[in-house]
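Right, one structure below, let's go through it.
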Amino acid sequence: MKLSKSFVPTLKEVPADAVIPSHVLMIRAGLVRMLSAGIYSFLPAGYKVVKKISDIIRKEMDAVGGQEFHLPALNPKEIWEQTNRVEAFGDTLFHIQNRDYVLAPTHEEIMAYHAKGELKSYKDMPQMWYQIQTKFRNEARPRSGVIRGRQFLMKDAYTFDKSWEDLDVAYAGLEKAYRNIFDKCGIKYFVVGAASGAMGGSKSEEFMVQSDAGEDTVAYCEETGYAANVEVAQSIVEGAKRCDESKELEEIHTPDVKSIDELCEFLKIDETQCAKSRVYIHDENPVLVLMLGNDEVNEMKLDSVLGGQVRPGHAEELKEITGADAGSIGPIGFKHRIIADLRLKDANNMFSGANKNSYHIGGIDFQRDVEKVEYFDLRTVQTGERTINDDGTLEVFKAIELGHIFKLGTKYSEALGATFIDEDGKEKPIIMGSYGIGVERVMACYLEQNHDERGIQWNKELAPFHIHLLGLNMKKENVKETSEKLYNELKQTGYEVLFDDRLDASAGFKFNDADLMGMPVQVVVGEKGLKEDSVEIKVRKTGERFSVKLNELSDKLKEILG
RNA sequence: CGGGGCGUAGCGUAGUCCGGUCAGCGCGCCUGCUUUGGGAGCAGGAGGUCGCAGGUUCGAAUCCUGCCGCCCCGACCA
């Protein structure tokens, strides 16, 4: 492709609205332009990358028996009502105003709809269906460029099986395919065992990429490969020590002491001698949650312990329930349910609030003074803690979810009546699996991981072009001739070539644009080199530069690009 | 949806507090000449309803009200 005739609008300056590197680079390198919040147009070079990623995915999906569909984005609302997901998605689902359609945010329903009545016998399975298409979600807050958009490209696959054992086989196949896909794309990722979540199902794994732009927080152990969402992650942490002798309860005047740190400072004690109190409202009833020291309550863990509706109590409620404000609340005299983190189990000589402003109580013995307390794992793990098997150290960081595979089960097949007749002659719901990959996220994550201060560093697999050919001074006859000739030869050889043949752009301008756009290899044709019948090669990733005789160029490129 | 920030030429911005040569600068763009190995030089030029709509005022980018849009934090996230 000749740059002089192409639309690749590069930008020297950083766009005001872009914050994370991938977003900045996509705009600066002329790959995308925003149309509206969370809605992006892919420009020719950017779309080439999207197509390359899609092709990698397609190839791996086909290799494990996937069959590609092309499904409507416009769906009858009725189908979505049958699975109760119009309500479940709520405002996230786009509705069409002048017809009872919705814009599909995913395609479980539609795939199950087609399976219904067609996959009638156990002999019709297994099946693996997929699509790579645009999904629509009315995200309340689109963010981080293409990472969370209102419209995005997703590969989603669905498996249909007659038994849970067969689902296991399909699931394992997809997991392998996913690893191949991300490996091929050159992305450093890890796999997290996720909570099955609202969609139900028995097993679910997320393919994650470490990034500050991520929306999930995970605990990861390099040594063991342990990875879990912090919502469920566990670690080994020492509990509070139980002393041989329990002291008497004593009320202590603690003016202006609110936080655990202030309490420790005031009483000259360690935070592991303190029980922090948080009051939650569980289905209208107050629950006191006690944590050791400054440990944070993990509300996801709390949710799953309590079930039902759980929310933190408001300031006014706290006063009404305990008689004190936040900062002076504690277990002694608390009249409702009390639960505590495992680290507090059987602790004694502890300090906590007195349920009376400006007072705390010392000498609390959980065995003696807090009779009906129940213990659960309620804390959020932190960087540096040991893994649950004590075989590694955890690191907690933000991550982007790139892909998600899970065993769906029969939720959709049951709701839509997608059943089959099994070997035993009985009618059963088809067992489904669901597997997604965010295509633009793959691109964004790649960029997050592969750039430097000058721009993008594409690998051969994802690069819009393999070779960036620069004709430095195109007004010089020999440069023009040689570069034109090389352009044709390289294309002939089978390389995808971006040819900077612009007449008036200066050498420096072209170099900088090439580094920004980041093709794996740059071939520089200039007067200087031509005097010795050579051109210069620059490997973008390493920054390595060397000159090559024209007649050796072909071999050298083969060596670098394979 | 809560909190914060922002909206001035294609891009990046100054000016907004304290109304009145404030519509300015850099990049980009157009014309000509020179230039071409790390974002060229000179000369000339085009381009802005200051997000939109009301209001206050002799006078509004600037003050007031409403709306729209965008970014960030949080909530939400199949």
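So you know, we letter chains A, B, ... as the sequences are listed, proteins then strands, and number each from 1.
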Please report the distance, rounded to the nearest Å, between CG in A/Leu11 and P in B/G26. 19 Å
Remember a base hit wins even if backbone is also touched, and classify A/Thr92 as base, sugar-phosphate or nothing at under 4.0 Å, heavy atoms. nothing
Given A/Arg148, which partner from the list A/Glu401, A/Glu440, A/Glu139 fulfils the salt bridge (charged side-chain N to carboxylate O under 4.0 Å, His left out) test? A/Glu139
Name the nucleic acid region contacted by A/Ala505, choosing base, sugar-phosphate or nothing; use a 4.0 angstrom heavy-atom cut-off, strictly under. base
Describe the nucleic acid contact of A/Asp513 in one word from base, sugar-phosphate, nothing, applying a heavy-atom distance below 4.0 Å. base
Ring centroid separation A/Trp458 to A/Phe465 under 6.0 Å: no
So what does A/Arg454 touch, heavy atoms closer than 4.0 Å: a base, only the sugar-phosphate, or nothing? base
Remember a base hit wins even if backbone is also touched, and classify A/Arg502 as base, sugar-phosphate or nothing at under 4.0 Å, heavy atoms. nothing
For A/Glu13 and B/A14, what is the distance between atoms CD and C1' respectively, to the nearest whole Å? 14 Å
How is A/Arg545 classified with respect to the nucleic acid when contacts are heavy atoms under 4.0 Å: base, sugar-phosphate, or nothing? base
So is the aromatic ring of A/Phe511 stacked onto the base of B/G38, judging by whether the centres are under 5.5 Å apart and the planes are under 30° apart? yes
Side chain A/Glu536 and base B/G37 donor-acceptor under 3.5 Å: yes
Has A/Tyr220 got a side-chain atom pairing as donor or acceptor with A/Asn229's backbone, closer than 3.5 angstrom? no
Quantified in whole Å, what is the P atom distance between nucleotide B/C17 and nucleotide B/U21? 13 Å
Quote, to the nearest angstrom, the P distance that separates B/A23 from B/A61. 10 Å
Tell me whether the NZ or CZ atom of A/Lys407 lies within the 45° cone about the ring axis of A/Tyr171 and under 6.0 Å from its centre. yes
Nearest heavy atom decides the nucleotide; on that basis, is A/Arg141 or A/Asp17 closer to the 5' end of RNA chain B? A/Asp17
Figure out the OH/C1' separation between A/Tyr40 and B/C71, and round it to whole Å. 10 Å
Scan every strand shown for a Watson-Crick or G-U wobble partner of B/C11, both distances under 3.5 Å, and answer none if you come up empty. B/G26
Select base, sugar-phosphate, or nothing to describe what A/Val479 touches, counting heavy atoms under 4.0 Å on all strands. nothing
Taking a pair to mean Watson-Crick or G-U wobble geometry with both distances below 3.5 Å, B/G59 pairs with none
Taking the nucleotide of RNA chain B with the closest heavy atom to each, which residue, A/Arg148 or A/Thr10, is nearer the 5' end? A/Thr10
Atom-pair distance (CG on A/Asp212; C1' on B/C72), nearest Å: 14 Å
Atom pair distance, as rounded to whole Å: CZ in A/Phe94 and C1' in B/C77: 14 Å
Say you pick atom P in B/G55 and the same atom in B/A46; how far apart are they, in whole Å? 35 Å
A/Arg28 CZ to B/C11 P: how many Å, rounded? 16 Å
Which whole number of Å gives the distance between the P atom of B/G10 and that of B/C50? 13 Å
Please give the distance between the P atoms of B/U62 and B/C70 as a whole number of Å. 23 Å
For A/Asp515, answer base if it contacts any base atom (sugar-phosphate contacts may also be present), sugar-phosphate if it contacts only those atoms, and nothing otherwise; contact means non-hydrogen atoms under 4.0 Å. base
By the 4.0 Å heavy-atom rule, please label A/Lys135 as base, sugar-phosphate, or nothing. nothing
Please give the distance between the C1' atoms of B/C63 and B/U57 as a whole number of Å. 10 Å
Work out how far the P atom of B/C72 is from that of B/U31, and round it to whole angstrom. 38 Å
Does any N or O donor sit under 3.5 Å from an N or O acceptor when you compare the side chain of A/Lys476 with the base of B/U36? no
Mate of B/G2 where both pairing distances stay under 3.5 Å, Watson-Crick or G-U: B/C73
Base partner of B/G32, which must satisfy Watson-Crick or wobble distances under 3.5 Å: B/C42
Between A/Glu215 and A/Arg141, does any NZ, NE, NH1 or NH2 come within less than 4.0 Å of an OD or OE carboxylate oxygen? no
Sugar-phosphate only, base, or nothing, as touched by A/Leu93 at under 4.0 Å among non-hydrogen atoms: nothing
Check every strand shown and say whether A/Gly90 touches a base, only sugar-phosphate, or nothing at a heavy-atom separation below 4.0 Å. nothing
Cationic tip of A/Lys556 above A/Phe546 ring, under 6.0 Å, 45° of axis: yes
Begin with the C-alpha distance, continue with both residues' side-chain angles, and end with the deciding distance and a verdict on ring pair (Phe, Tyr, Trp, His ring centres under 6.0 Å) for A/His114 and A/Phe160. CA-CA 11 Å; A/His114 290 301; A/Phe160 303 89; over 10 Å; no
May I have the distance from A/Ile147 (atom CD1) to B/C72 (atom P), rounded to whole angstrom? 10 Å
Rounded to whole Å, the CZ-P distance (A/Phe7 to B/C29) equals 14 Å
Does atom CD of A/Glu317 have more than 12 heavy-atom neighbours from other groups under 6.0 Å away? yes
Looking only at atom C1', what distance separates B/C11 and B/G47, rounded to whole Å? 14 Å
Please give the nucleotide sitting opposite B/G66 as a Watson-Crick or G-U wobble pair, both distances under 3.5 Å, or none. B/C52
